[in-house]
Amino acid sequence: MSHTPPWEPGLLPSLTGVGPGPSARDKRAALRAALAAATAGGPGTAVDPLVLPGATDALGARLVEDAGFGAVYATGAGLANAGFGLPDIGLVSQTEVADHAGRLTEATRVPLICDADTGYGGPLAAMRTVRLLERAGVAGLQLEDQEMPKRCGHFDSHALIPSGHMQTKIAAACEARTDDALVIIARTDARSVHGIDEAIERGRAYAEAGADVLFVEAPRTVGELALVGRELAGVPLVVNVVEGGKTPQLSVAEYAELGFGIVLFANYLMRSMHLAGQEALAHLKEHGETASRAGRMASWEQRQSLFNLPRFSAAESALDRELGSNS
């Protein structure tokens, strides 16, 4: 004899992080559909680019989803800064990143793309990185062609592995997938070392090796951005918007016109929260109170709504009853 569950339909699936949600495969399919829509037609074609905000933690991931964005980026620089208090110079390990990615995928129902640096070693290490991040539920991951230890793409003094070695790493990473829907993004930092022409040549080579998406880091001018968009048309392209960095700051629509289907704002949210936190703490230090600043912080209700407390409370109440009971 079947029994009626003591909770309303749809209650448990609404409990992000605890209840059932979209599968990793579903999220990967959603990401691939967004990439296809964002790159149809090439430069000069009206497309709806994928705007990809970065997050350093589950709070950030939830904010990105709540704001209506279609995907979230687990920023490596942001993790080093916010998670460990370290600069982005390759000090965070493979397993630390995989653990972190798993927490973010559990916290949101939208696809997560994870910055996986160099893959944390050669081709075999990159293969293991793919397997770890695949199990963590990511929809896509990014590998770059710097030597270890890597550095932020908008720092100076980069060193790269040979293009052929990176091709092997990409091919091995693609082979390591157990789900062929997992998106592999290949990033090159060649612009900072060898110039824009070498960066474009590496992009072509990485696409031939199997990369699904190309990321030419730090073009210096609008002309260079346009050149990347023209020469690598036909493959989804990432532009990384680093406020105060080396790449010109344009609007999302302008980047799309230049051929970029993915506009990454990797640390915009973290840096905005950084300044807001400094200002809040300065106020507390100077005035010894927080009541006068209540309008510049999330309300109690906003905070609990973001983390779905009302639905969790309803679930607690429903699950405290026996199966088949209505009281």
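None of these values were measured; they are calculated from a predicted model.
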What are the two closest heavy atoms between Ala266 and Tyr73, and how far apart are they?
CB-CE2, 3.9 Å
Got a sec: does the NE2 of His274 have more than 12 other heavy atoms crowding it under 6.0 Å?
no
Criterion salt bridge (Lys or Arg N to Asp or Glu O under 4.0 Å) on Glu201 and Arg204, from CA distance to verdict
CA-CA 5 Å; Glu201 284 303 312; Arg204 290 196 186 99; 2.4 Å; yes
Applying salt bridge (Lys or Arg N to Asp or Glu O under 4.0 Å), run through Arg311 and Glu8 and close with a yes or a no.
CA-CA 11 Å; Arg311 300 291 280 176; Glu8 64 182 83; 3.5 Å; yes
Side chains of Glu224 and Thr221 only: does a donor on one sit below 3.5 Å from an acceptor on the other?
no
Is Val239 reachable from Leu227 through a run of hydrophobic residues whose side-chain heavy atoms are each under 4.5 Å from the next?
yes
Can you confirm whether Arg131 is buried at CZ, in the sense that more than 12 heavy atoms of other residues, nucleotides or ligands lie under 6.0 Å from that atom?
no
For Asn81, does its backbone N or O pair with a side-chain atom of Asp88 as donor and acceptor, under 3.5 Å?
no
Heavy atoms of other groups near Glu279 CD, more than 12 under 6.0 Å
yes
Do we see a donor-acceptor contact under 3.5 Å between the side chains of Glu144 and Thr188?
no
Can any side-chain N or O of Asp57 pair as donor or acceptor with the backbone N or O of Gly60 at less than 3.5 Å?
yes
Looking just at side-chain N and O atoms, do His283 and Ser292 make a donor-acceptor pair shorter than 3.5 Å?
yes
Check whether any side-chain N or O of Thr105 sits under 3.5 Å from a backbone N or O of Ala136 as a donor-acceptor pair, and report yes or no.
yes
Tell me, with the steps shown, if Asp189 and Arg191 meet salt bridge (Lys or Arg N to Asp or Glu O under 4.0 Å).
CA-CA 6 Å; Asp189 288 85; Arg191 170 60 186 89; over 6 Å; no
Quick one: pull up CZ in Arg296 and OG1 in Thr290 and give me the separation to the nearest 0.5 Å.
13.0 Å
Counting heavy atoms not belonging to Arg177, are there more than 12 under 6.0 Å from its CZ?
yes
Evaluate whether atom OH of Tyr268 has more than 12 neighbouring non-hydrogen atoms of other residues, nucleotides or ligands under 6.0 angstrom away.
no
Heavy-atom nearest pair, Gly70 first then Val110, reads O-CB, 3.7 Å
